[in-house]
Trainee: 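Pasting a structure here, questions to come.
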2 protein chains.
Amino acid sequence: MHKLYLMTRSEENYIKTIFHLGRKGTQEVATNAIAELMETKPSSVTDMIKKLSEKNLVNYKRYQGVSLTSLGTKTALGIIRKHRLWEVFLVEKLDFSWDEVHEVAEQLEHIKSDKLIDSLDRLLAFPKFDPHGDPIPDKNGGFKERDRDLLSEVPINTVGVCVGVKDSSATFLKFLDKNGIALGNQISVKEREEFDGSLNIEIDGRNLQISHVIAANLYIKTNDEI
Amino acid sequence: MHKLYLMTRSEENYIKTIFHLGRKGTQEVATNAIAELMETKPSSVTDMIKKLSEKNLVNYKRYQGVSLTSLGTKTALGIIRKHRLWEVFLVEKLDFSWDEVHEVAEQLEHIKSDKLIDSLDRLLAFPKFDPHGDPIPDKNGGFKERDRDLLSEVPINTVGVCVGVKDSSATFLKFLDKNGIALGNQISVKEREEFDGSLNIEIDGRNLQISHVIAANLYIKTNDEI
DNA sequence: ATTAAAATTTAGGCAAATCTAAAAATTTGT
DNA sequence: ACAAATTTTTAGATTTGCCTAAATTTTAAT
Ligand SMILES: [Mn+2]
Ligand SMILES: [Mn+2]
Ligand SMILES: [Mn+2]
Ligand SMILES: [Mn+2]
């Protein structure tokens, strides 16, 4: 029934991009937004959208943007599941660092084999999150965003654990490495500088001053939950 | 220097096919042979050969067939290395059976990342042979064909170990499974039926009658070496 | 040595995925 | 409300990899 298996790599990349853009706003996804994220031209996007629409992967009305159908969403989740499982594999089994995995996972996510990905899942002991703290959809596409907050938005004296990054560019991740910030670290927010929004935090015992930009790209899971 | 990295999947598949066809005979590889193995048309092969020739991957003179250049050979060995390492991975780490790995490896062999393949090599403890008994080229493309003989061609009373298959189609491999024939098995040749070339062998203690066709697709490493 | 057969290449086309430039629709600003 | 700016789509090319059909070259058979 689902001919997901005869999708081209390009089609898969469009679907994935539309999924990511669609998550944030509740609006339809704009042609230009897709083009920008995929580093292609709007006219190319329009062409592809028409094809995806034919295949019932997206809802599309001219000039009105696109959204994924349920089939499209399912497809996107399948690709994201593969991407993130491969990222875990690279870190856990092949000793890649978290700033090296994305590029390779971009290739591996297009490998077609249900058995492969389910076996990989088992080998990795069914991980729930990837190396950047992003949730991994299960076999049926089910996944729960973890309850978490940007470090830049929690009140002073909040205590919690670093559970993810918003920006997962290699540049940012290497910066975090250099400053000894990693997922799993205990963090408490000591002070917020009103002038520039920088934070004084305690992380794994050490004191550290981080800019607002950094804080706005770190997710924390606070201890004070119900 | 080597722009191996900007080869398309199609180019890589042609190079790999030319390598495999070139191994056997010492002759140039024929256009039609490539077309048949790749299930494409001779005219398509000619088109691609021209492109590969431009890129200095094959030697080509019109109507005279092709052969790999040293760059082409190096490229082929790189792809074969990846293919076979992935096959080992699938069997050793993901519990695939030896008849299931080839199709997936056909996809995985095109993933571009030196770090990935070298780490995989390490994870697998630098295997020398793939699940079908074929040798795995090392990082530098060096590899030695194991000294072995077709079961159909050794004399009566030869004793040895089953080390490989010539035909590695799923059909043949499943047949071997069904008859309890696996790599590593001790084999001794008891009798050869002149009429049809079938063999009476002892394999891991059991007696078994196998047809000439089967024997002609099983490699044995004999015990009587220097 | 010719002729017939087979192998290979060329010529011309097609589909996918991209692009540039121009046209059309929508949104924004006053 | 209406012109200007922006966004999106269309039109027409290009590249890659493939195809069919026809022409060319090589090989095999008499
Ligand atoms: Mn990633
Ligand atoms: Mn990730
Ligand atoms: Mn194989
Ligand atoms: Mn193999």
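Sequence lines set the chain letters: A, B, ... in the order given, protein chains first and strands last, and positions in each chain run from 1. Every heavy atom of this structure was used, including side-chain atoms; hydrogens, water molecules and symmetry mates were not.
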Trainee: So, does A:S10 get its side chain near the phosphate of C:dT18, meaning an N or O under 4.0 Å from OP1 or OP2?
Mentor: yes
Trainee: For B:V58 and B:I49, which heavy atoms make the closest approach, and how far apart are they?
Mentor: CG2-O, 3.9 Å
Trainee: Examine distances only and state if a side-chain atom of A:N217 and a backbone atom of A:D167 form a donor-acceptor pair shorter than 3.5 Å.
Mentor: yes
Trainee: Mark yes or no for whether B:T75, through its side chain, and B:L71, through its backbone, hold a donor-acceptor pair below 3.5 Å.
Mentor: yes
Trainee: Give a yes/no on whether any side-chain N or O of B:T46 is located under 4.0 angstrom from OP1 or OP2 of C:dT9.
Mentor: yes
Trainee: Separation of B:R9 atom CZ from D:dC18 atom P, in whole Å?
Mentor: 12 Å
Trainee: Counting only side-chain heavy atoms from C-beta out, which of C:dC19, D:dC19, D:dT10 sits nearest to A:T40?
Mentor: C:dC19
Trainee: B:Q64 CD to C:dT9 C1': how many Å, rounded?
Mentor: 12 Å
Trainee: Hey, does the side chain of A:K115 reach the backbone of B:F96 with a donor-acceptor pair shorter than 3.5 angstrom?
Mentor: no
Trainee: If you assign each of B:R62 and A:Y63 to its closest nucleotide in DNA chain C, which residue comes earlier from the 5' end?
Mentor: B:R62
Trainee: Using only side-chain N and O atoms of B:S43, determine if any of them is under 4.0 Å from OP1 or OP2 of D:dC18.
Mentor: no
Trainee: For B:S44, report the nucleic acid contact type (base, sugar-phosphate, nothing); a contact means any heavy atom under 4.0 Å.
Mentor: base
Trainee: Indicate whether OP1 or OP2 belonging to D:dT8 is found under 4.0 Å from a side-chain N or O atom of A:N32.
Mentor: yes
Trainee: How many whole angstroms separate atom CD of B:Q27 from atom P of D:dT27?
Mentor: 10 Å
Trainee: Would you say a side-chain N or O of B:Y14 is under 4.0 Å from OP1 or OP2 of D:dC18?
Mentor: yes
Trainee: May I have the distance from B:E54 (atom CD) to D:dT16 (atom C1'), rounded to whole angstrom?
Mentor: 15 Å
Trainee: Cation-pi check, B:R84 to B:F129: give yes when NZ or CZ is under 6.0 Å from the six-membered ring centre and within 45° of the ring axis, no otherwise.
Mentor: no
Trainee: Quickly work out the B:D47 CG to D:dT16 P distance and round it to whole Å.
Mentor: 12 Å
Trainee: A:N13 CG to C:dT18 C1': how many Å, rounded?
Mentor: 14 Å
Trainee: D:dT25 P sits how many Å from B:K61 NZ, rounded?
Mentor: 17 Å
Trainee: Would you tell me if any nitrogen or oxygen in the side chain of B:K41 comes within less than 4.0 Å of OP1 or OP2 on C:dT9?
Mentor: no
Trainee: For the pair made of CD1 in B:I49 and C1' in C:dT9, what is the distance, rounded to whole Å?
Mentor: 10 Å
